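Each residue takes its place number in the sequence, starting with 1. Values in this document were obtained by computation on a predicted structure and should not be read as measured data.
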Amino acid sequence: MHTSVATFALEGVDSRQVAVEVDVRRGLPTFTVVGLPDAAVREARERVRAAVLNSGLDFPLSRVTANLAPADIRKSGPSFDLALAIGVLAASGQVPADAARDCAVCGELSLGGALRPIRGALAMAAGARAAGISRLVVPVQNGEEASLVEGVRILPVPNLAAMAALLRGECDPEPPRRRPPAPRPPGPDLSDVRGQADARRALEIAAAGGHSLLLVGPPGAGKTMLARRLPGILPEPGFDEAMEITRIRSVAGLGDGSLALDRPFRAPHHTISASGLVGGGSVPRPGELTLAHRGVLFLDEMAEFSRHALEALREPLEAGRVSVTRGQRTLDFPARVMLVGACNDCPCGRREGTCQCAAVDLARYSRRLSGPVLDRIDLVCRLDPAPPPSDGHEPPGEATDAVRGRVAAARELQSARLRGAAHCNSEMDPRTTYRTVRVEPRAFRALASSPGFASLTGRGHDRVLRVARTIADLEGCHQVSGDHIQEAIGFRVSRSLEMV
């Protein structure tokens with residue numbers, strides 16, 4: 001007897017419908033799985049057999065063949081276990097063959113028949129809605145996450161026996177319960193930072209427009225301290241952004257099942273590989289760049305990262321996505337991030353006047369950040385050395401809540417102006433930039449007369465306009481003035497890491 005059960009396979013951060021076709025016929029007892037399965041899927045034969053028997057059901061002593069269609073796409077992961085088990089039960093007549101016709105099933109089976117949580121339940125629920133499937137069966141632990149998708153009835157089941165009873169019409173699982181959102185935990189406050197007025201200003205501009213930022217200064221000046229306080233001044237993500245963040249966390253196995261209420265902050269070590277940073281692998285997985293989508297990617301000691309890893313950021317920072325090609329197929333991973341880097345002035349990192357680096361050492365160090373990479377950084381701020389303890393009586397700086405209020409107001413102005421064309425100023429393309437950025441005529445003259453104008457590339461010119469637009473938004477100005485242009489140019493950097 002032949003039957004088919006719908007399930008889903010993960011492709012990047014999305015899902016693709018897979019039909020699990022099971023055929024049971026007379027012959028020597030065997031269980032074969034075809035359709036480009038990986039090792040985890042091939043091992044499902046033993047898990048399914050043990051789970052069926054330990055759930056009080058019968059495993060057919062016949063020739064069992066399972067095909068995962070379409071057969072030209074590699075299937076990976078243990079989420080096909082439940083579909084294989086239901087296919088075997090339906091093909092052997094233990095559950096009605098047409099009971100799972102309008103239903104998709106996803107789940108990993110233990111040897112005792114219990115269902116274990118899987119990665120990417122939210123992406124699979126979105127795939128079920130797109131495919132017109134009205135019901136989706138998931139493990140109980142994934143019920144809350146999958147229920148975030150409207151239009152699909154989520155059926156959380158604890159084990160294979162309960163799944164069989166559901167298909168026979170003997171039970172009806174309760175809908176998943178959503179936990180109330182937990183309050184946002186307090187993070188480090190900007191008031192902890194003493195002095196560094198320029199760096200605090202750069203941090204606020206970067207947060208308001210979603211711009212990339214590079215902090216340059218001696219060790220102990222507060223670069224890392226400032227960067228780790230950036231998430232606190234960012235506005236909370238909207239529902240669509242929160243769904244994107246939650247889906248990525250789910251696919252990566254990092255989610256807790258609830259809707260993400262905070263923006264991600266990722267800080268990988270400088271020894272990370274290029275594929276770990278931007279994504280890849282034999283089975284493509286999201287990298288740190290994608291895990292920081294709609295949040296902050298912080299590269300501490302940025303000049304110590306490998307040249308290959310940093311150069312791999314060039315296209316994703318411009319396009320907002322990563323394209324990974326493996327096995328004649330291309331997967332796209334979202335990568336809309338705020339890149340924040342921190343590095344020293346020189347290899348030794350000593351204070352000015354005590355540096356012992358030779359000119360050739362300084363030149364080699366500055367070349368670690370190539371011109372194309374620096375050209376994609378909107379703001380560069382040079383920090384002053386930290387004051388000695390005897391001078392540490394400076395009053396605390398402005399608190400995070402006050403800065404976050406101005407950032408949120410600037411983001412609201414951008415949302416109203418862009419009308420869905422982009423989320424913030426940094427995401428504007430050149431056409432949107434020139435259409436929406438209104439500049440006073442004298443501001444263009446100020447731009448042309450600026451000492452750093454000649455060193456600006458076409459990309460740098462556009463980024464100066466976007467940063468100036470953000471500065472104007474922070475001040476509530478309708479037009480970009482010459483002062484806004486001058487401040488934006490002041491945060492541009494040349495290839496030698498010198499302020500222009």
Side-chain angles (χ1 to χ4, degrees), residues 3 5-10 15 18 20 22 40-41 43-59 66 77-92 94-129 133-149 152-180 246 249-251 253-259:
T3 189
V5 180
T7 186
F8 290 90
L10 292 178
S15 62
V18 173
V20 179
V22 180
V41 181
E43 292 171 353
R45 297 174 298 180
E46 305 306 323
R47 292 194 297 271
V48 169
R49 190 193 309 272
V52 168
L53 295 175
N54 289 326
S55 298
L57 303 165
D58 297 325
F59 194 89
S79 62
F80 301 95
D81 290 5
L82 184 58
L84 287 168
I86 296 304
V88 169
L89 296 178
S92 60
Q94 299 183 64
V95 297
D98 60 347
R101 180 167 300 173
D102 62 340
C103 179
V105 298
C106 305
E108 177 187 353
L109 285 171
S110 69
L111 297 184
L115 280 175
R116 289 174 172 161
I118 57 174
R119 294 185 297 109
L122 182 60
M124 295 178 183
R129 181 178 61 184
I133 298 175
S134 60
R135 298 186 299 165
L136 176 66
V137 177
V138 296
V140 172
Q141 298 91 328
N142 295 120
E144 179 184 4
E145 176 186 321
S147 67
L148 295 173
V149 176
V152 179
R153 185 186 177 195
I154 304 301
L155 302 174
V157 295
N159 50 53
L160 182 59
M163 181 67 201
L166 170 65
L167 295 177
R168 298 192 194 104
E170 298 173 357
C171 70
D172 189 12
E174 295 183 1
R177 297 179 180 178
R178 295 189 185 180
R179 290 171 291 177
T246 305
R249 289 178 178 175
S250 173
V251 169
L254 303 176
D256 60 357
S258 59
L259 184 66

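- With Thr7 contributing its side chain and Val105 its backbone, the two residues share a donor-acceptor pair below 3.5 Å.
- Between atom CG of residue Asp81 and atom CD of residue Glu46 there is a gap of 11.5 Å, rounded to the nearest 0.5 Å.
- The shortest side-chain heavy-atom distance between Pro139 and Arg116 does not fall under the 4.5 Å cut-off.
- The side-chain heavy atoms of Met124 and Ile118, taken from C-beta on, include a pair separated by under 4.5 Å.
- In this structure a side-chain-to-backbone donor-acceptor pair under 3.5 Å is missing from Arg168 to Ala99.
- Ile133 has its side chain within reach of Phe8: a pair of non-hydrogen atoms, C-beta onward, lies under 4.5 Å apart.
- Across Ser15 and Ala123, no two heavy atoms sit closer than the pair OG-O, 2.8 Å.
- Rounded to the nearest 0.5 angstrom, Met163 CE and Cys171 SG are separated by 9.5 Å.
- Using a distance-only test at 3.5 Å, with no hydrogens or angles considered, no donor-acceptor pair links the side chain of Arg178 to the main chain of Leu259.
- Smallest separation of non-hydrogen atoms from Leu84 and Ala44: CD1-CB, 3.8 Å.
- Between Cys103 and Val137 the shortest heavy-atom distance is SG-CG2, 3.5 Å.
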- Task: Let me see the working for Asp172 and Arg153 under salt bridge (charged side-chain N to carboxylate O under 4.0 Å, His left out), right down to the final yes or no.
- Result: CA-CA 12 Å; Asp172 189 12; Arg153 185 186 177 195; 2.7 Å; yes
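- Nearest heavy-atom pair across Leu166 and Pro173 is CD1-CD, 3.5 Å.
- Scanning all heavy atoms of the two residues, the minimum distance from Phe59 to Val52 falls at N-CG1, 3.9 Å.
- You'll find the side chain of Val5 stays beyond 4.5 Å of the side chain of Val22, heavy atoms only.
- Residue Asp58 holds its CG atom at 7.5 Å from CG of Leu53, rounded to the nearest 0.5 Å.
- If you take SG on Cys106 and CG on Leu10, they are separated by 8.5 Å, rounding to the nearest 0.5 Å.
- Between atom CG of residue Asn54 and atom OG of residue Ser110 there is a gap of 8.5 Å, rounded to the nearest 0.5 Å.
- Within the model, atoms CD of Glu145 and CZ of Arg119 stand 11.5 Å from one another, a figure rounded to the nearest 0.5 Å.
- Between Leu136 and Leu155 there is no side-chain heavy-atom pair separated by less than 4.5 Å.
- Here the side chains of Arg47 and Pro78 are in contact, with some heavy-atom distance below 4.5 Å.
- Here the closest non-hydrogen pair linking Ala125 and Ala146 is CB-O, 3.6 Å.
- Using a 4.5 Å heavy-atom threshold, the side chains of Leu115 and Leu160 count as separate.
- For CD of Glu174, the number of neighbouring non-hydrogen atoms (other residues, nucleotides, ligands) closer than 6.0 Å is 12 at most.
- With contacts defined as side-chain heavy-atom distances shorter than 4.5 Å, the pair Ser55/Asn159 does not qualify.
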